[in-house]
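Data block below; observations after.
Treat the numbers as computed from the prediction; the structure is a model and nothing was measured. Note on naming: letters A, B, ... go to the chains in the order of the sequence lines (proteins, then strands), and numbering restarts at 1 for each one.
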Amino acid sequence: MDILLLGDRVKEAIYEFVGRRDVEVTLEVPQSPEYGDLSTPYAFKAARVLGRRPLDLASDIRDHLLSLGIDYIADIRVEGGGYINIHLDRNRFYSDYFRRLVEEGLDLFRGRFGEGYVRIEYTSVNPNKAIHIGHARNILLGVALHRLLSSLGYRVHLMNYIDDTGVQMADLMLGFIELNFPLEPPNGMKFDKYCGDVVYVESVRRVEEERRLRDVERKILRALEEGDNPIYEYSRRVAERVVRAQLETCFRLGAKYDVLAWESDLVRSGLHNHLSKVIEASRKIIRVEEGRYAGAVVIKVSEGDEIDPKRDEVIVRSDGTLTYVGKDLVFAMWKLGLLDMHVPVDVFGENPDGSKIFTTRDSGLGYKPDPPDILLNVIGREQTKPQNAIKEVLREVYGEEVGGKYIHYSYELVKLSAESARKYFGVESEKSAVKMSGRRGLYFNVDDVLAKMVEIVYRHMVENKSIASEQEARQVAEKVAVASLMYQLIAIDRDKPIVFDIDKSLDFKGETGAYILYSYVRANSILSNAGESGDFNIDYSLLNMYDLGLSRFIVVAPIVIHSAVKYLEPKYIMTYLYRLAKSFNDFYERCPVLSSTDPVRRYRLAIVRAYASTVELLARLVGLPLVKKM
RNA sequence: GGGCCCGUAGCCUAGCACGGACCAAGGCGCCGGCCUUCGGAGCCGGAGAUCCCGGGUUCAAAUCCCGGCGGGCCCA
């Protein structure tokens with residue numbers, strides 16, 4: 001039994017009692033323990049449609065619920081003019097839940113919140129530079145979604161799209177081909193950083209300065225788009241090396257991939273020829289006959305005959321080339337398993353867990369994605385307009401059911417604080433935040449940021465002499481750093497831009513990932529010093545309000561997990577983890593465990609054990625790394 | 001200009017999905033306390049809020065609706 005199951009039981013009982021379900025029973029856990037463990041303002045809402053007074057209705061519902069003798073319900077009170085407050089037999093309910101949680105962990109939840117096949121496309125960084133802090137938001141959202149869904153019993157397939165035919169790649173290659181940058185980075189610099197911070201930035205600068213280089217840039221770009229030529233072959237070797245370097249960073253963040261899909265391979269395999277299918281089938285897609293857009297093919301979202309650039313999307317230009325949206329539309333069809341279209345794949349490498357990463361290639365076994373139940377595309381919010389157009393076409397051509405599977409999982413940009421921009425890049429700005437720019441080299445690499453974080457955490461541990469071996473301390477510091485970065489980027493609402501300030505992100509005080517890990521370390525310290533296990537027949541009458549406060553917070557976890565998966569919001573788990581850790585630290589200050597005498601000591605050990613198990617469970621659900629010492 | 005998103009103490013954020021005990025919670029910063037108790041990356045106390053503005057719906061609005069204002073993003 002857990003609070004979610006109990007809540008469902010209560011809901012059903014109320015629906016049956018009133019004989020209608022049009023007014024939803026919303027259950028909440030009251031802030032204050034004196035209002036019980038579960039509460040609903042249902043009587044206020046339902047009173048109107050039932051033509052009754054809230055107080056009377058609430059009383060009747062209470063009497064009915066009590067008459068059912070639902071297990072674990074000790075008392076029900078009507079308070080505050082109509083709230084129905086359910087008080088549980090806390091000794092039994094908390095103890096029983098804690099015991100099962102500690103014994104079964106994740107098994108308590110696996111398969112309970114739906115099942116199916118989910119494809120997630122994420123990361124999608126151009127192969128000309130290192131992963132920066134803005135990409136990290138994308139990657140960490142993907143990681144969290146993957147862990148959440150796969151842990152709860154969904155089959156998850158992970159794809160990473162790599163655009164190796166764009167102008168960014170062309171500019172990088174211009175640096176190697178025309179500006180004679182050596183292929184080997186200076187003194188041990190990581191290859192992706194070298195490409196992005198040194199070669200690419202310089203190429204962009206030179207192209208802007210020298211007209212002659214624009215022609216070279218165009219020539220290289222054409223070679224990349226056409227493929228099957230020495231420039232493309234060279235470029236592909238460089239790009240693969242960059243991607244391998246990028247993946248090292250992604251792995252640090254907990255990422256995993258099943259298939260890397262390269263734009264150049266998709267072009268060569270003829271994927272784009274399939275665009276004609278949807279062009280013919282859709283009435284929204286039209287070939288423009290005259291005017292400015294003559295010869296172009298356009299997704300017509302707007303009403304009327306005129307092309308409205310504010311609303312409509314060009315998918316094929318007048319010269320016959322595909323736009324980004326056109327490419328993405330046909331790619332979407334492939335990812336949804338709608339095309340009978342195999343692309344050659346080969347093994348690219350391995351994930352940290354040992355599973356294979358496949359990559360598209362010019363030859364190899366043919367691969368076709370299985371149709372997923374949902375397709376989550378983790379893409380920035382700035383792409384909303386083209387993403388909506390794609391979805392509309394899918395809806396029209398393949399029906400609501402298929403179109404509904406296509407989800408633009410969007411998030412706002414990560415910007416740079418003006419202070420950081422000035423201090424580290426010498427860029428002055430009137431505004432409080434600056435847009436990052438790969439072209440100007442105005443961004444923080446994840447590797448560099450993590451290195452700074454690791455250094456600070458490591459020094460902290462050395463000062464506290466908390467860990468003996470240097471090697472172990474380094475590993476721990478890495479996890480603390482990643483956890484903190486993850487909290488910074490995941491706990492914030494996806495619709496809000498994040499202003500990244502390097503100095504603030506290096507501060508591990510307060511509401512941070514480190515805080516969560518620290519509380520977990522404290523819990524583990526108690527457990528490992530205890531020398532015995534707890535007693536899971538807790539008698540709360542012998543304990544105080546802080547024991548109770550932590551306990552009733554632990555018990556809420558199933559509700560949080562349910563919301564997180566229902567709304568695909570890992571943020572709910574992150575913010576809950578922080579509040580839970582806070583509750584634990586309150587408990588820690590006021591409730592001595594080891595120095596207490598039995599039975600209090602063993603009751604508290606059980607609570608600490610339940611807390612640690614909850615943190616382990618939730619951390620696993622979002623991919624948050626944990627440490628037992630720090 | 002149009003479309004979408006955001007607006008909560010000096011700053012950052014939670015709560016908004018599903019209106020309910022919210023005279024609004026947490027963090028940073030500021031002021032003042034707590035290291036002979038299980039690890040102080042912690043805890044306690046204090047100051048700090050027209051929940052952008054106006055209207056509407058409702059027994060009840062930070063939450064829903066309408067209109068404004070301000071900011072962000074997008075518009076081959």
- line: With syn defined as a glycosidic angle within 90 degrees of 0 and anti as anything else, the base of B:C30 is anti
message: For a quick check, tell me whether the side chain of A:R590 and the base of B:C43 share a donor-acceptor pair closer than 3.5 Å.
response: no
- prompt: For A:D312, which contact category applies under a 4.0 Å heavy-atom criterion: base, sugar-phosphate, or nothing?
  reply: nothing
Span that lies between the C1' atom of B:C53 and that of B:G71, in whole angstrom: 15 Å
- prompt: Base, sugar-phosphate alone, or nothing: which one does A:M461 contact when heavy atoms must sit under 4.0 Å apart?
  reply: base
Side-chain H-bond candidate by donor/acceptor type, A:S519 with A:Y611, under 3.5 Å: yes
Spacing between A:I492 atom CD1 and B:C11 atom P, to the nearest angstrom: 16 Å
- prompt: Taking atom C1' in both B:G7 and B:C52, what distance in whole Å separates the two?
  reply: 6 Å
field: A:Y515 (side chain) and B:A41 (base): donor-acceptor pair under 3.5 Å
entry: no
- prompt: Say you pick atom C1' in B:C11 and the same atom in B:G19; how far apart are they, in whole Å?
  reply: 30 Å
message: If the test is ring pair (Phe, Tyr, Trp, His ring centres under 6.0 Å), which one of A:Y576, A:F584, A:Y546 qualifies with A:F553?
response: A:Y576
- prompt: Is the ring centre of A:Y83 under 5.5 Å from the base ring centre of B:A21, and are the two planes under 30° apart, so that they stack?
  reply: yes
- line: If pairing means Watson-Crick or G-U wobble with both distances under 3.5 Å, then the partner of B:C4 is B:G72
task: For B:C66 and B:U57, measure between their P atoms and round to the nearest Å.
output: 15 Å
field: Whole-angstrom distance between B:G67 and B:C5, as gauged at atom P
entry: 14 Å
query: For A:P592, which contact category applies under a 4.0 Å heavy-atom criterion: base, sugar-phosphate, or nothing?
result: base
- prompt: Once the angle between the rings of A:F44 and A:Y83 is folded into 0 to 90°, is it parallel (under 30°), tilted (30 to 60°) or perpendicular (over 60°)?
  reply: perpendicular
- request: Considering only atom P, compute the distance from B:G48 to B:A9 and round it to an integer number of Å.
  value: 15 Å
- prompt: Using atom C1' of each nucleotide, how far apart are B:U8 and B:C22 to the nearest Å?
  reply: 12 Å
task: Identify which nucleotide among B:C44, B:C73, B:U8 has an atom closest to any side-chain atom of A:E382, counting heavy atoms from C-beta outward.
output: B:C73
statement: Among B:C5, B:G39, B:A41, the one nearest any side-chain atom of A:F508 is B:A41
field: Separation between the C1' atoms of B:U50 and B:C69, rounded to whole Å
entry: 15 Å
- prompt: Is a donor-acceptor contact shorter than 3.5 angstrom present between the side chain of A:S39 and the base of B:A21?
  reply: yes
- request: Just call it for A:R381: base, sugar-phosphate, or nothing, with non-hydrogen atoms closer than 4.0 Å on any strand.
  value: base
statement: Checking B:C75, B:G20, B:C4 against the side chain of A:K385 (C-beta onward), the nearest is B:C75
query: Hey, does the side-chain of A:N85 have a donor or acceptor N/O within less than 3.5 Å of a partner on the base of B:A21?
result: yes
field: Nearest-Å distance for atom pair CG/P, residues A:D503 and B:G27
entry: 22 Å
- request: Classify the nucleic acid contact of A:K45 as base, sugar-phosphate or nothing, counting any heavy atom under 4.0 Å across all strands shown.
  value: base
